Structures are given as C-alpha cells and as structure tokens.
*Asks:* 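I have a structure I would like to understand better, so I am pasting it below and will then ask my questions one at a time.
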Amino acid sequence: MRPGFVGVRWIRNRTLEPEVKMAERRLNFLERFAGEKQLNSVDFMKIWSHYDMDGSGYLERKELDKFLVDLLCHRFGQNPSAEFVEEFRTTVLEKIDRNKDGKVELGEFAHLLPIEDNFMKKFPTRKSLSRKQFNDIFLHYDPDGNGFIEGKELLALIRDIMSRTQQTVTLQDVEDYRFAVLRVFDKNTDGRLSRRELGLLLSIDE
C-alpha cells in the first residue's frame, strides 16, 4: 500500500484482491497532492471542482466513480475493477450520504479526504482581528502568493467563513456568498479580493 494523503479510515487496512487488480496503474488528478497528510481548504476545493465536472454542486454516480477510482488507485497503486468500485461506492454512500439521495454534496465530500481543521476557527470575531492575524489569513488563502484571493482560493475562504457558524454548507451556499462578497467588496470588479478588499470584508484597515 502506497503512502499518501488518503485518510478514509475504512480503506486504510484494506487491500485489493488479486482478481480485481488491473495490470497498469494510471495517472490521476490526486497524484499532485501525494505526500500531503492533510489537505488545506484551497486544495480541497480544487479537488472538489475537478470531480464536480458539471458544476452541479453534487458528485453524481459517474463523477463519484471517477473520484473513487482515482482515490483507490492513489492509495493502492493499481487500478480497481468496476466490481470493486461499485462495492466501494456502496460502502461510501452508506457512510456519508446523509439524505440518501445517492449523490455526494460538498459537506459530505469532506468526510472522504483528510482536510485541515477550519483555519478561520483559529481567530476571534472579525472586528477583533489583529494585523498579524489578518496577514496569516491572507497568506493562508493566497498560497500561490500572487497578492489576490481568487478562484478556488476565494471559494475555500468563503466555505471556511460559513462553516464557522453553519453545520452544513453546500456549494450553492458558497457561490451565493461569493457573489454577495464580490458585489460589495470587489471595488474594481476583477472577480477577486486584494489585501485591501479582504481587509474591508474582515473589517481591518489595509
């Protein structure tokens, strides 16, 4: 079994039976996160967006199977058979599909990967943030260091802000909040947040 970031407890000690192994191991999207014990929320949103191919806010059967194949291949180093994937899908849905609709929502997906603790929960309410705390937040959600929080970075930030007070956050919730945030705080309407604009959102003078 290969080392990696996969943290699903019920597959840690499982092995693929010889009859469900395939000869060649294929590359997959999860390989770029190999070696990470925990995913930061930005990488988590990148993974989610990759597998939610139609942007519906759910992983439906085809999308879920693609993710599970990549997950198993990343974990075991070999491709599973269709029968093994079907069995694994059933197990996964039994454990995380709270409303039993046969689909995986954003909040349910978080149970399949070892995502870091909500970074925003480390900090007090927005109005009492120190300058250092603000800098820590900006750097955390701007991992590429380009000076803006944009794309999946912004989705990750908003998901974490919302998750501080909401038990369940859907992709639609995140998108609605993102639209509202950009409408109010994105002063130059470029679809991203600069340090100054994030400061306005978090009530910090920048």
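The structure displayed is predicted, hence computed values, not measured ones.
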*Asks:* Mind checking side chain to side chain donor-acceptor pair (under 3.5 Å) for N99 and listing every partner two or more places apart, or none if nothing turns up?
*Replies:*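 Expected list: D101, E105.
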*Asks:* Between E153 and H140, do the side chains contain an N or O donor and an N or O acceptor separated by less than 3.5 Å?
*Replies:*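 There is no such pair between these side chains.
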*Asks:* Hey, are the side chains of F44 and L106 touching, using non-hydrogen atoms and a 4.5 Å cut-off?
*Replies:*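 Result yes, sub-4.5 Å side-chain heavy-atom pair found.
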*Asks:* Would you say D160 and Y141 are linked by a side-chain donor-acceptor pair, where the criterion is simply a distance under 3.5 Å?
*Replies:*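 Checked: Y141/D160 side chains pair up, N/O donor to acceptor below 3.5 Å.
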*Asks:* Would you give the length of the straight line joining atom CG of D70 to atom CZ of F29, rounded to the nearest 0.5 angstrom?
*Replies:*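 Taking CG in D70 and CZ in F29, the distance rounds to 9.5 Å.
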*Asks:* With a 4.5 Å cut-off on side-chain heavy atoms, are L112 and V92 touching?
*Replies:*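 Touching, per the 4.5 Å side-chain cut-off.
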*Asks:* Would a 4.5 Å heavy-atom cut-off, applied to side chains only, mark H111 and K95 as touching?
*Replies:*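 A side-chain contact under 4.5 Å is absent here.
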*Asks:* Is L64 linked to F84 within one hydrophobic cluster, defined over Ile, Leu, Val, Met, Phe, Trp and Tyr using a side-chain heavy-atom separation of less than 4.5 Å?
*Replies:*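 Yes, L64 and F84 fall within the same hydrophobic cluster.
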*Asks:* Quick one: does D52's side chain have a donor or acceptor within less than 3.5 Å of a partner on L59's backbone?
*Replies:*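 Here the side-chain-to-backbone pair does not exist.
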*Asks:* For residues E197 and D186, determine if any side-chain heavy atom of one lies less than 4.5 Å from a side-chain heavy atom of the other.
*Replies:*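 A side-chain contact under 4.5 Å exists here.
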*Asks:* Can I158 be reached from L202 by stepping across I, L, V, M, F, W or Y side chains whose heavy atoms are under 4.5 Å apart?
*Replies:*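 Yes; tracing contacts between hydrophobic side chains, which count when under 4.5 Å, links both residues.
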*Asks:* In sequence, state the C-alpha distance, the side-chain angles, and the governing distance for L113 and F67, and then conclude on side-chain contact (heavy atoms from CB on, under 4.5 Å).
*Replies:* CA-CA 11 Å; L113 295 170; F67 168 73; 4.1 Å; yes
*Asks:* Closer than 3.5 angstrom, by distance alone: can the side chain of D142 be matched with the main-chain N or O of G147 as a donor-acceptor pair?
*Replies:*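 Confirmed, D142 side chain pairs with G147 backbone.
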*Asks:* What residues form a side chain to side chain donor-acceptor pair (under 3.5 Å) with Y58, not counting sequence neighbours?
*Replies:*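 If we apply the side chain to side chain donor-acceptor pair (under 3.5 Å) test to Y58, skipping adjacent residues, there are no hits.
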*Asks:* Flag the pair I115 / N40 as yes when at least one side-chain heavy-atom distance between them is below 4.5 Å, and no otherwise.
*Replies:*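 No, their side chains stay 4.5 Å or more apart.
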*Asks:* When you compare the side chain of R164 with that of N118, does any pair of heavy atoms fall below 4.5 Å?
*Replies:*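 Yes, at least one pair of side-chain atoms sits under 4.5 Å.
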*Asks:* What residues, two or more places apart in sequence or in another chain, satisfy salt bridge (Lys or Arg N to Asp or Glu O under 4.0 Å) together with R89?
*Replies:*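 Partners of R89 by the salt bridge (Lys or Arg N to Asp or Glu O under 4.0 Å) criterion, ordered by chain and then number, come out as D65.
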*Asks:* Using a cut-off of 6.0 Å, state whether more than 12 heavy atoms not belonging to D117 lie near its atom CG.
*Replies:*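 12 or below, so no.
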*Asks:* Could you tell me whether E175 and R178 have a side-chain N and a carboxylate O separated by less than 4.0 Å?
*Replies:*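 R178 and E175: salt-bridged.
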*Asks:* A side-chain contact here means heavy atoms from C-beta on lying under 4.5 Å apart; do N28 and E31 qualify?
*Replies:*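 Yes. Closest side-chain heavy atoms under 4.5 Å.
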*Asks:* Decide whether T170 and Q172 meet the rule of one side-chain donor and one side-chain acceptor closer than 3.5 Å.
*Replies:*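 T170 vs Q172: no donor-acceptor pair found between side chains.
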*Asks:* Does K132 NZ have over 12 foreign heavy atoms under 6.0 Å away?
*Replies:*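 Result for NZ/K132: open.
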*Asks:* For E60 and D54, which heavy atoms make the closest approach, and how far apart are they?
*Replies:*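 So the two residues come closest at OE1-OD2, 3.7 Å.
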*Asks:* Roughly how far, to the nearest 0.5 Å, is the CZ atom of R159 from the OG atom of S41?
*Replies:*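 If we round to the nearest 0.5 Å, S41:OG and R159:CZ are 7.0 Å apart.
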*Asks:* Which heavy atom of V169 sits nearest a heavy atom of V174, and at what distance?
*Replies:*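 Smallest interatomic distance, heavy atoms only, reads CG1-CG2, 3.5 Å.
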*Asks:* Measure the spacing between CZ of R61 and CG of L93 and express it to the nearest 0.5 Å.
*Replies:*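 Taking CZ in R61 and CG in L93, the distance rounds to 9.5 Å.
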*Asks:* Taking it one step at a time, do F123 and F134 satisfy ring pair (Phe, Tyr, Trp, His ring centres under 6.0 Å)?
*Replies:* CA-CA 9 Å; F123 305 101; F134 172 80; over 10 Å; no
*Asks:* Would the distance check show the side chain of E94 and the main-chain N or O of T91 forming a donor-acceptor pair, the cut-off being under 3.5 Å?
*Replies:*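 No; zero donor-acceptor contacts below 3.5 Å.
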*Asks:* What distance do M120 atom CE and T165 atom OG1 have between them, rounded to the nearest 0.5 Å?
*Replies:*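 Interatomic distance, M120 CE to T165 OG1, rounded to 0.5 Å: 11.0 Å.
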*Asks:* So which atom in V42 and which in P143 form the shortest heavy-atom distance, rounded to 0.1 Å?
*Replies:*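 Shortest heavy-atom separation between V42 and P143 comes out as CG1-CG, 4.1 Å.
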*Asks:* Step by step, would you call F109 with I96 a side-chain contact (heavy atoms from CB on, under 4.5 Å)?
*Replies:* CA-CA 8 Å; F109 190 63; I96 69 169; over 6 Å; no
*Asks:* Can you tell me how far NZ of K121 sits from OG of S163, rounded to the nearest 0.5 angstrom?
*Replies:*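 Answer for the OG-NZ pair, S163 versus K121, is 7.0 Å.
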*Asks:* Starting from L200, can I reach F179 by hopping between I/L/V/M/F/W/Y residues whose side chains sit under 4.5 Å apart?
*Replies:*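 Not linked; separate clusters.
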*Asks:* Quick one: NZ on K46 to CG on L155, what's the gap to the nearest 0.5 Å?
*Replies:*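 K46 NZ to L155 CG: 11.5 Å, rounded to 0.5 Å.
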*Asks:* Using a 3.5 Å distance criterion without hydrogens, assess whether the side chain of E150 forms a donor-acceptor pair with backbone atoms of L193.
*Replies:*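 No; zero donor-acceptor contacts below 3.5 Å.
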*Asks:* Would you name the heavy atoms of G107 and R98 that are closest together and state the gap between them?
*Replies:*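 That would be C-NH2, 4.1 Å.
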*Asks:* Are E108 and D97 close enough that some pair of their side-chain heavy atoms sits under 4.5 Å apart?
*Replies:*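 E108 reaches D97 side chain to side chain.
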*Asks:* Output, in order, the C-alpha distance, side-chain angles, deciding distance and verdict of side-chain contact (heavy atoms from CB on, under 4.5 Å) for V184 and L201.
*Replies:* CA-CA 9 Å; V184 175; L201 171 63; over 6 Å; no
*Asks:* Determine whether a donor-acceptor pair (N or O, by modelled atom type, separation under 3.5 Å) exists between the side chain of Q133 and the backbone of S130.
*Replies:*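 Side chain of Q133 to backbone of S130: a pair is present.
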